[in-house]
Structures are given as C-alpha cells and as structure tokens.
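Below, read A as the first sequence line, B as the second, and so on, with proteins coming before strands; counting in each chain starts at 1.
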Amino acid sequence: MPELPEVEVVRAGLAPAVTGATVLGATVLDERALTRHTGDAAGFEATLTGRVIEGAARRGKFLWLPLASLAADESREAVVAHLGMSGQLLLRTPGAATERHERVRLDIAHPVHGELAVVFADQRTFGSLAIDDLVPTPDGAAGGYGLAAASVPSQVTHIARDPLDPAFSDAAFRRALARKDSAIKRVLLDQTVISGVGNIYADESLWAARIHPETPARALTTRAVNRLLVEVRHVLEKALAEGGTSFDAQYVNVNGQAGYFAHSLNAYGRTGEPCPRCGRPIVRVSFTNRSSHFCPKCQRRA
DNA sequence: TCTTTAACCTGTTGGC
DNA sequence: TGCCAACAGGTTAAAG
C-alpha cells in the first residue's frame with residue numbers, strides 16, 4: 001500500500017501528537033508485528049514504557065520516532081515503523097476499541113494534547129515496528145525528513161535517500177543507472193538506489209516521462225534520466241498534496257481518512273482505458289511478480 | 001559481486 | 001450460491 005506520499009501523510013499526522021509525548025505503556029497483540037525487532041514482545045513493551053518521543057522522521061517508506069536518552073552516555077534509540085503493504089498508524093482516544101487488525105498499541109501522554117493511543121494495525125502483517133539504534137549519517141546531512149538530526153536507525157542505513165530529500169544526489173542516481181542492465185522500472189523499485197517509489201508511482205512516473213518500463217536503465221540518455229527525475233518528483237509531490245492514493249480503506253491517514261490521488265492516476269490500474277495523452281488503451285503486463293501499466297504508443301522501448 | 005526469485009500474510013474480487 | 005484462482009500499495013533472505 002504505502003509509498004512515500006502515503007507514509008509522509010502518516011508522519012505529518014503523527015508528528016504533532018507524539019513530539020514531546022511520554023509513552024505510558026505499550027501492548028503487543030501480535031508478535032508478528034515485531035519481525036524487525038531483536039528481542040521479544042515483553043522486552044519491546046518494557047523498553048518503551050516511560051520513554052519520551054522526540055519527533056517523527058521519514059526516509060523513503062521508513063518512519064521512525066527518536067526516543068530521548070535515559071542517560072547522557074546511552075546510545076540513541078528510535079521506534080522504527082514500516083507499513084509494508086497494509087500497515088496503518090492511527091491516532092485514537094485512550095481506551096478506544098481494538099481495531100480489526102490491531103497488532104501494537106502505544107498509550108502516550110502529550111503535554112498539550114493529553115492522553116492518546118497510537119495504534120499500529122496491519123492486515124497482511126508485512127509491516128513492523130522495532131526498537132533500533134540510531135547511527136550517524138555518512139554524509140552528515142539530516143537522516144530523513146521531519147527532523148534535523150544527522151542520524152538514521154541502523155536498519156535504514158541501506159535505504160537510499162528519497163528524491164524529495166535535499167541531500168539526494170541526482171548525479172549519483174545518474175551514475176547508478178549507467179551501471180544497471182536491469183529494466184528501469186526494477187531500478188526505480190530498488191530502495192537502495194532511490195527510495196520512496198513503489199509500484200503505483202513507478203508506473204505513473206514512467207508514463208509521465210514517456211519511458212517504457214522495460215527499457216534497460218543504462219540505455220537511458222542523460223536527458224531521459226533527468227526527465228524521469230522531474231516526473232518522479234512531480235508525481236510524488238502531487239500525490240502528497242492530495243493526501244496520497246487510496247483504493248479502499250486499506251490506506252488512510254492517522255485519522256482513518258482516505259487520500260484523493262486515485263482520481264489523478266494516468267496509467268496505474270487503468271488497463272484498457274484510453275491513455276490521457278494519446279487515447280490508445282493502457283496495457284497491463286505481468287512484471288517481476290507484479291503488474292506494470294503503460295501506454296504502448298507513448299512509452300516506446302529505447 | 002550483482003541480479004532475480006520466492007516467501008512472508010490476509011482479504012477481496014471475478015470467473016466458472 | 002459456492003469454490004478457487006488471481007491479485008493487492010513491500011521487503012528481504014536465499015538462490016542463481
């Protein structure tokens with residue numbers, strides 16, 4: 001479900017509610033939600049209880065909540081969240097009824113907003129929460145969007161910066177593509193090359209840039225790569241402004257509300273419908289165990 | 001070393 | 001109505 005715009009909507013919704021809040025208690029209802037956490041549920045709950053959350057940060061599709069240190073010499077930690085395919089982070093009132101696929105609940109107290117429940121619900125259990133150490137960024141730039149600290153959770157270090165990150169390097173991206181024989185769509189989905197882009201926005205960006213998804217990355221001209229970067233950023237920013245893409249109740253913001261970008265899709269999910277540019281029917285093909293949508297006339301193979 | 005596949009899960013939808 | 005295959009926004013270990 002959630003790609004960069006959806007995760008950013010969640011981060012932005014969470015930030016004012018959790019920044020400065022104290023964790024009163026944590027409840028793990030399903031231990032499968034801790035697959036990225038080293039340790040058991042009891043340890044997770046005990047470690048979090050009493051800690052103060054300093055904010056909400058994001059890189060690509062990863063989200064984290066840095067925790068204030070207990071002692072000056074202690075290593076910094078954060079709660080790392082990944083929503084996987086169907087994860088949600090919801091803000092609820094204290095004692096609110098258990099959500100259908102609720103996996104973890106954090107009860108918090110905010111100095112201004114009072115007590116709240118942060119609920120992690122996840123139908124398919126591909127998402128997860130974990131407590132992880134924060135490590136310095138190699139380039140000294142902010143670790144992600146939302147906080148100025150130059151650190152990231154250790155399990156996020158292999159994730160590339162996302163294209164909306166001021167420290168993202170267009171030149172490094174161009175160099176990476178020049179070394180790849182893989183199809184450009186596969187590379188766009190590779191979070192170690194560029195993060196935040198998933199199946200929906202990859203299809204949308206390639207459609208906008210008029211690039212066939214199976215074009216070998218290294219076959220793209222510099223001009224084409226630059227065009228692609230412009231369109232990736234444009235698509236992500238527009239989706240963010242519209243609150244993300246929702247096809248059903250699966251993707252929602254922290255208040256359970258859907259986004260509107262599904263109405264703005266030009267290629268994804270529009271199999272057989274006319275291309276908004278040329279009128280030719282959009283084609284759907286199976287690709288890397290998922291589907292690609294593109295216009296066979298506008299997006300010719302390089 | 002780099003690249004691709006398979007597996008992890010639950011739920012919904014559409015064809016027969 | 002029921003059954004079953006196909007499919008769904010992602011990541012990662014294992015195999016190639």
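- Residue A:Asp190 contributes atom CG, which lies 11 Å from atom P of C:dT12 at whole-angstrom precision.
- Distance from the side chain of A:Arg32 is smallest to B:dT10 among B:dT10, C:dG10, B:dT12.
- With C:dG10, B:dT4, B:dC9 as the choices, the nucleotide that has an atom nearest any side-chain atom of A:Glu3 turns out to be C:dG10.
- Side-chain contact annotation: A:Asn226 with A:Arg174, donor-acceptor N/O pair under 3.5 Å present.
- Atom CG of A:Asn199 and atom P of C:dG9 are 5 Å apart (whole Å).
- Closest approach to the A:Ser182 side chain among C:dG9, B:dT3, B:dT12 is made by B:dT3 (side chain taken as heavy atoms from C-beta onward).
- With distances taken from any side-chain atom of A:His101 to the nucleotides B:dT5, C:dC7, B:dT10, the minimum falls on B:dT10.
- For the P atom pair drawn from B:dC9 and C:dC3, the interatomic distance equals 25 Å after rounding to whole Å.
- As a whole-Å value, the separation of A:Leu265 CG from C:dG9 C1' is 11 Å.
- For A:Arg124, whose side chain is taken as the heavy atoms from C-beta onward, the closest listed nucleotide among B:dT5, B:dC9, C:dG9 is B:dC9.
- Rounded to an integer number of Å, the gap from A:Phe287 CZ to C:dC7 P is 16 Å.
- Taking atom P on both C:dG9 and B:dG14, the two are 16 Å apart, rounded to the nearest angstrom.
- Side chain to side chain, A:Lys61 and A:Ser195 fail the donor-acceptor criterion of an N or O pair below 3.5 Å.
- Pairing for C:dG16 is with B:dC2, a Watson-Crick or G-U wobble pair whose two hydrogen-bonding atom distances lie under 3.5 Å.
- Dashed line: the shortest gap from a side-chain N or O of A:His82 to OP1 or OP2 of C:dG10 is not under 4.0 Å.
- A 3.5 Å limit on both hydrogen-bonding distances identifies B:dA7 as the Watson-Crick or G-U partner of C:dT11.
- In this structure, A:Tyr251 does not reach the C:dA8 phosphate: none of its side-chain N or O atoms is under 4.0 Å from OP1 or OP2.
- The shortest distance between the side-chain N/O atoms of A:Arg36 and the OP1/OP2 oxygens of C:dT11 is not below 4.0 Å.
- Side-chain proximity of A:Asn289 to C:dG9, B:dA6, B:dC9: nearest is B:dA6.
- Looking at the side chain of A:Phe62, the nearest of the listed nucleotides C:dT12, B:dT4, C:dA8 is C:dT12.
- Atoms CD (A:Gln155) and P (C:dA13) sit 11 Å apart, rounded to a whole Å.
- A side-chain donor from one of A:Glu6 and A:Tyr201 sits under 3.5 Å from a side-chain acceptor of the other.
- Remark: ring of A:Phe126 not stacked against base of C:dT11; the cut-offs of centroid gap under 5.5 Å and plane tilt under 30° are not jointly satisfied.
- For A:Lys61, no side-chain nitrogen or oxygen approaches OP1 or OP2 of C:dG9 to under 4.0 Å.
- When rounded to the nearest whole Å, the span between CD of A:Glu242 and P of C:dG9 equals 20 Å.
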Can you list, pair by pair, the side-chain donor-acceptor contacts under 3.5 Å of residues 294-302 of chain A, counting residues two or more places apart and other chains?
from     : atom 1 : to       : atom 2 : distance (Å)
A:Gln299 : OE1    : A:Cys295 : N      : 2.8
A:Gln299 : NE2    : A:Leu206 : O      : 3.2
A:Gln299 : NE2    : A:Ile211 : O      : 2.9

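- Side-chain nitrogen and oxygen atoms of A:Thr288 include none within less than 4.0 Å of the OP1 or OP2 phosphate oxygen of B:dT4.
- Taking atom CG on A:Leu188 and atom P on C:dG10, their separation rounds to 12 Å, with Å as the unit.
- A:Ser291 comes within 4.0 angstrom of the backbone, heavy atoms only, and of no base.
- At the heavy-atom level, A:Tyr201 lies nowhere under 4.0 Å from the strands shown.
- More than 12 heavy atoms of other residues, nucleotides or ligands sit less than 6.0 Å from atom NE2 of A:His113.
- If you measure from atom CG of A:Asp181 to atom P of B:dT4, you get 8 Å, rounded to the nearest angstrom.
- Among the nucleotides C:dG9, B:dT3, B:dT10, the one closest to the side chain of A:Gln123 is B:dT10.
- Closest non-hydrogen pair, A:Leu228 versus A:Ser205, comes out as CD1-O, 4.1 Å.
- Counting only heavy atoms from C-beta outward, the side chains of A:Thr137 and A:Arg59 approach each other to under 4.5 Å.
- Across all strands shown, A:Phe261 has no heavy atoms under 4.0 Å from either base or sugar-phosphate atoms.
- Regarding contacts with the backbone of B:dC2, every side-chain N or O of A:Arg179 stays at 4.0 angstrom or more from both OP1 and OP2.
- Across all strands shown, A:Asp122 has no heavy atoms under 4.0 Å from either base or sugar-phosphate atoms.
- Taking 4.0 angstrom as the limit, A:Arg290 places none of its side-chain polar atoms (N or O) nearer than this to OP1 or OP2 of C:dA8.
- Using a 4.0 Å cut-off, some side-chain N or O of A:Gln191 falls inside it from OP1 or OP2 of C:dT11.
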